[in-house]
Asks: 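Take this structure first; my questions come after.
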Amino acid sequence: MEVFYKPYRNNDTVLIALYDEAFTHKKILRNYPILLKESLRVMRTERLKTLDALHVSLAVHHGCGQFVTADADFKRLAALPALWINLSRAV
């Protein structure tokens, strides 16, 4: 949902289509109450916003091998390897 905000706001149909294609390979992850507490620890150690910390906690809990993001706040993520996509240079 977060990645679609800007493309929809800007009516960027090309980027929306690219995201749609990327998300056809998604895996839906279940949430667990213990993750709320874990996300507080991640928020502190990674210096992330609350929702961002929850995303990282979910990914770590489910054994994700990489965190793919266009959010610069994740560039130096220590909890798991991050693939940061710089959209400022995107065509």
Asks: What about Tyr8 and Ile85, same hydrophobic cluster or not, with Ile/Leu/Val/Met/Phe/Trp/Tyr joined at side-chain heavy-atom distances under 4.5 Å?
Replies: yes
Asks: Same cluster or not: Val14 versus Phe23, using hydrophobic residues (I, L, V, M, F, W, Y) connected whenever any side-chain heavy atoms lie under 4.5 Å apart?
Replies: yes
Asks: Check side chain to side chain donor-acceptor pair (under 3.5 Å) between Glu38 and all other residues, then give those that pass, not counting sequence neighbours.
Replies: Arg41
Asks: Which heavy atom of Leu35 sits nearest to which heavy atom of Ser57, and what is that distance?
Replies: CD2-O, 3.8 Å
Asks: From Arg44 CZ over to Ser39 OG, what is the distance, rounded to the nearest 0.5 angstrom?
Replies: 12.0 Å
Asks: Looking at residues at least two apart in the chain, or sitting in another chain, which of them share a side-chain contact (heavy atoms from CB on, under 4.5 Å) with Arg47?
Replies: none
Asks: Tell me which pairs pass salt bridge (Lys or Arg N to Asp or Glu O under 4.0 Å) where either residue lies in residues 16-25, with sequence neighbours left out.
Replies: none
Asks: Can you name the residues that form a side-chain contact (heavy atoms from CB on, under 4.5 Å) with Asn11, not counting sequence neighbours?
Replies: Thr13
Asks: Quick one: do Val42 and Ile34 end up in the same hydrophobic cluster if we chain Ile, Leu, Val, Met, Phe, Trp and Tyr together by side-chain heavy atoms under 4.5 Å apart?
Replies: no
Asks: Would you mind writing out the side-chain donor-acceptor pairs for residues 64-78 within the sub-3.5 Å range, not counting sequence neighbours?
Replies:
unit_1 : atom_1 : unit_2 : atom_2 : d
Thr69  : OG1    : Asp71  : N      : 2.9
Asp71  : OD1    : Asp73  : N      : 2.9

Asks: Among Ile, Leu, Val, Met, Phe, Trp and Tyr joined by side-chain contacts under 4.5 Å, find the other residues sharing a cluster with Leu40 and list them by chain and number.
Replies: Met43
Asks: With a 4.5 Å cut-off on side-chain heavy-atom distances among I, L, V, M, F, W and Y, is there a chain of contacts connecting Leu48 to Leu80?
Replies: yes
Asks: Going only through I, L, V, M, F, W and Y residues with side-chain contacts under 4.5 Å, is there a path from Leu58 to Leu36?
Replies: yes
